[in-house]
Every structure is written in C-alpha cells, then in structure tokens.
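Take a look at the structure set out below.
As the structure lists them, so they are numbered: ligands from 1, and atoms in each ligand from 1. These figures come from a predicted structure and were not determined experimentally.
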Amino acid sequence: MRLKRGVLIVFEGIDGSGKSTQANNLFHALSERSFKAVYFSEPTQGKWGRIIKEKAAFPESLSPEEELKLFQRDREENVEKNLKPALRKKQMVILDRYYFSTIAYQGAKGIDTERIRKLNEKIAVEPDLVFILDLDAKKGLNRIENRKKKDLLFEREDYLVRVRQLFLQINGDNIFHVNADRSEEEISKEIKQIVFAYLNRLTL
Ligand code: ADP
Ligand code: TYD
C-alpha cells in the first residue's frame, strides 16, 4: 500500500509496559497489509545513545541536566539521520520512545516539563500518533526482573511511579493512553484499530 506522505507512530510508557512488544506487533500487522515500515528506537545505537547506555548502570553518575543534554543530542541525531529521511520517502516509521519520554523521565528528576516540551518542539518532527502504554510501576518492573541490574539509573520503582504520573498528564489530539495491564493481544487489537483507521485516510 502506498501512502500520500510519511507517517510517524510513537510508543511510550514506563520500562516494562510493553512498548517493544507492541511496536513489534504493529510492525508485523503492517507488513501483512503490505505497508512498508521502518523501526527506530531511542536511546539510539548512535554515539550519544551509546554514552547514555554506558552510564545507565551507574545511578547518580549524571546530573539531570547532563542527562537531558545527552538525550537531546541523541534525539537531534535520530531526527536528522533516521526520521526525516524515512518520512521524506513516504515510509511509515515506528519509534520506540521519543521526546515524551524526556518529558516524563527527566521531568520526574525535577526538570521543568514545559521547558523540555519547548526544547523538543524546536528540533523534533511531530508524530502522527502516540501510544502511551499505561501500567503500574511495580508490574512493569516485575515484567523485566532480569533486566533490572543494568539500568539502575532509570528503573527504580519510586522514580517510575513519578514517571508514570507525568506520562498520564501528557494529552493531545493524537495521543492515546492505552491500558497496558491486559493481554498482549487485547492491547494490539486496540492499537491496530486506531492505526488502520488513521491510515485509511492517507492511502493513495
Ligand atoms: P518495554 O519495551 O516497554 O520495556 P517489553 O515489550 O520489552 O517492554 O516487555 C517487557 C516484558 O513484558 C517482556 O518479557 C514481554 O514479553 C512482557 N510483556 C509484554 N507485553 C505484555 C503483556 N501485555 N502482558 C504480560 N507481559 C507482557
Ligand atoms: P530503553 O533502552 O528504551 O529501555 P527499555 O527497553 O527498558 O524501555 O531506554 C533506556 C532508559 O532511558 C529508559 O529507562 C528510559 C530512559 N529515557 C529517558 O530517561 N529519557 C529519554 O528521553 C529517553 C528516550 C529514554
């Protein structure tokens, strides 16, 4: 299927909420209907993303401002190198985390959320659809029990409780809060309905 223009679909939510699972399910559902999609994630595999991942095992190794700076640099690179070229080719882009994560995660470390939003609206491509997967912090952490050790910087429960609250405050026309405390299939079904209804208006 051909699209009139590129489409950017973003998955957000706390760690363990099921973003990667749902992004992957959508990717396959799109391929089945002959939509070509590309998949990116933040933090990226690029130089800034690698620095972020190295630091993630050491809590308090970065100040909130230093963290913000690294995520912003990584995002600028992702927007220019990955997102814009794919969208220009009228591809469908699935993105696992974007600037809503910065609003929620760096916001939960005390940085003003409006400031983060404004910084990002300057550099980011606006997404078509944003799915924020909503799940209790403890349930999210239980799902990723074996991953916990390497991400100490981001995965403490009390912190994720605050991150979740900030995600819940993010609203907009194209932003969907999805109850992630359901089966993988139920969640996929809801997301697919929204995506295919949206794409119907954009196919040639
Ligand atoms: P995230 O990308 O948000 O960190 P993942 O998609 O990696 O989350 O999922 C974290 C873990 O939870 C994985 O082991 C995955 O198989 C499992 N999982 C994903 N969705 C669900 C669900 N709806 N119910 C229960 N477990 C799930
Ligand atoms: P990620 O590798 O996506 O972890 P996960 O698979 O557990 O979701 O992201 C690593 C961490 O980076 C994650 O805990 C959230 C955090 N993060 C921020 O704090 N700010 C941001 O802007 C982004 C994109 C991620």
Side-chain angles (χ1 to χ4, degrees), residues 10-28 39-46 48-79 82-83 94-111 113 115-117 119-120 123-124 127 130-164 166-167 170 178-191:
V10 172
F11 285 87
E12 293 281 9
I14 60 164
D15 306 78
S17 57
K19 291 178 304 299
S20 310
T21 304
Q22 291 303 326
N24 194 48
N25 287 356
L26 179 64
F27 187 90
H28 286 104
Y39 179 98
F40 297 109
S41 61
E42 292 188 13
T44 68
Q45 318 278 350
W48 301 109
R50 283 203 304 274
I51 295 174
I52 292 167
K53 283 172 196 162
E54 278 163 26
K55 301 276 184 189
F58 305 101
E60 318 302 333
S61 60
L62 296 171
S63 70
E65 284 291 338
E66 284 168 333
E67 254 178 47
L68 176 67
K69 205 178 277 172
L70 286 174
F71 283 112
Q72 290 303 121
R73 295 220 164 119
D74 189 41
R75 179 155 313 116
E76 283 178 56
E77 196 173 89
N78 189 34
V79 168
N82 300 327
L83 307 187
I94 297 178
L95 182 56
D96 189 342
R97 291 195 186 281
Y98 201 29
Y99 68 82
F100 309 91
S101 278
T102 321
I103 292 175
Y105 281 81
Q106 277 59 56
K109 290 194 175 175
I111 298 188
T113 52
R115 185 181 144 221
I116 302 174
R117 180 186 287 282
L119 272 179
N120 278 284
I123 60 151
V130 180
F131 294 104
I132 302 181
L133 300 184
D134 179 52
L135 186 66
D136 176 75
K138 198 189 240 46
K139 288 186 183 167
L141 283 173
N142 284 340
R143 285 185 185 174
I144 56 169
E145 193 65 40
N146 54 353
R147 257 174 27 194
K148 259 190 244 174
K149 279 195 198 73
K150 70 177 171 61
D151 276 348
L152 291 174
L153 191 56
F154 302 111
E155 293 185 351
R156 288 190 340 264
E157 184 181 337
D158 58 336
Y159 174 50
L160 290 180
V161 167
R162 285 180 284 137
V163 173
R164 179 193 188 194
L166 289 180
F167 269 132
I170 299 177
V178 175
N179 172 10
D181 193 8
R182 293 179 291 166
S183 73
E184 196 182 313
E185 293 72 25
E186 275 175 287
I187 301 165
S188 290
K189 195 173 159 204
E190 181 175 330
I191 291 172

Report the residues that fulfil salt bridge (charged side-chain N to carboxylate O under 4.0 Å, His left out) with R117, sequence neighbours left out, ordered by chain and then residue number. E114, E121
Between R115 and E65, does at least one N-O distance fall below 4.0 Å, as a salt bridge requires? yes
Output for ligand 1, non-hydrogen cut-off under 4.0 Å, lists I14, D15, G16, S17, G18, K19, S20, T21, R143, I144, R147, R182, S183, E184, I187
Using the side chain to side chain donor-acceptor pair (under 3.5 Å) rule, pick out the option among Q72, Q106, K55 that qualifies with E67. Q106
Within ligand 2, which atoms have a heavy atom of T102 less than 4.0 Å away? 21 (C), 22 (O)
Say whether E67 and ligand 2 are in contact under the criterion: heavy-atom distance to a ligand atom below 4.0 Å. no
So if I count the atoms of ligand 2 from 1 in the order they appear, which ones are less than 4.0 Å from some heavy atom of D15? 4 (O), 5 (P), 7 (O), 8 (O), 13 (C), 14 (O)
Under 4.0 Å between a side-chain nitrogen and a carboxylate oxygen: does that hold for R182 and E190? yes
In Å, rounded to the nearest 0.5 Å, how long is the span from CG of L141 to CD1 of I14? 6.5 Å
Check this for me - ligand 2, Y105, N or O atoms closer than 3.5 angstrom, yes or no? no
Can you check whether S20 has an N/O within less than 3.5 Å of an N/O in ligand 2? no
Which residues pass the ring-ring contact (aromatic ring centres under 6.0 Å, His included) test with F11, not counting sequence neighbours? F131
Less than 3.5 Å between some nitrogen or oxygen of D96 and one of ligand 2, yes or no? no
Relative to the heavy atoms of K19, which atoms of ligand 2 are at a distance of less than 4.0 Å? 8 (O)
Measuring from non-hydrogen atoms of K53 to any atom of ligand 2, is the shortest distance under 4.0 Å? no
Quick one: do D158 and R156 make a salt bridge, cutoff under 4.0 Å? yes
Contact region, Q106 to ligand 2, non-hydrogen atoms below 4.0 Å, reads side chain
Expected output: side-chain Y105 to main-chain Y159 donor-acceptor under 3.5 Å: no
Partners passing salt bridge (charged side-chain N to carboxylate O under 4.0 Å, His left out) against R50 (at least two apart in sequence or in another chain): none
Heavy-atom donor-acceptor pair, E186 side chain to D181 backbone, under 3.5 Å: no
Residue selection (non-hydrogen contact nearest atom 12 (O) of ligand 2) among F100, Y99, Y98, F71: F71
Is the backbone of Y98 close enough, under 3.5 Å, to the side chain of E42 for a donor and an acceptor to pair up by distance? no
Below 4.0 angstrom from a heavy atom of R75, which ligand 2 atoms are there? Numbered from 1 as shown, please. 22 (O), 24 (C)
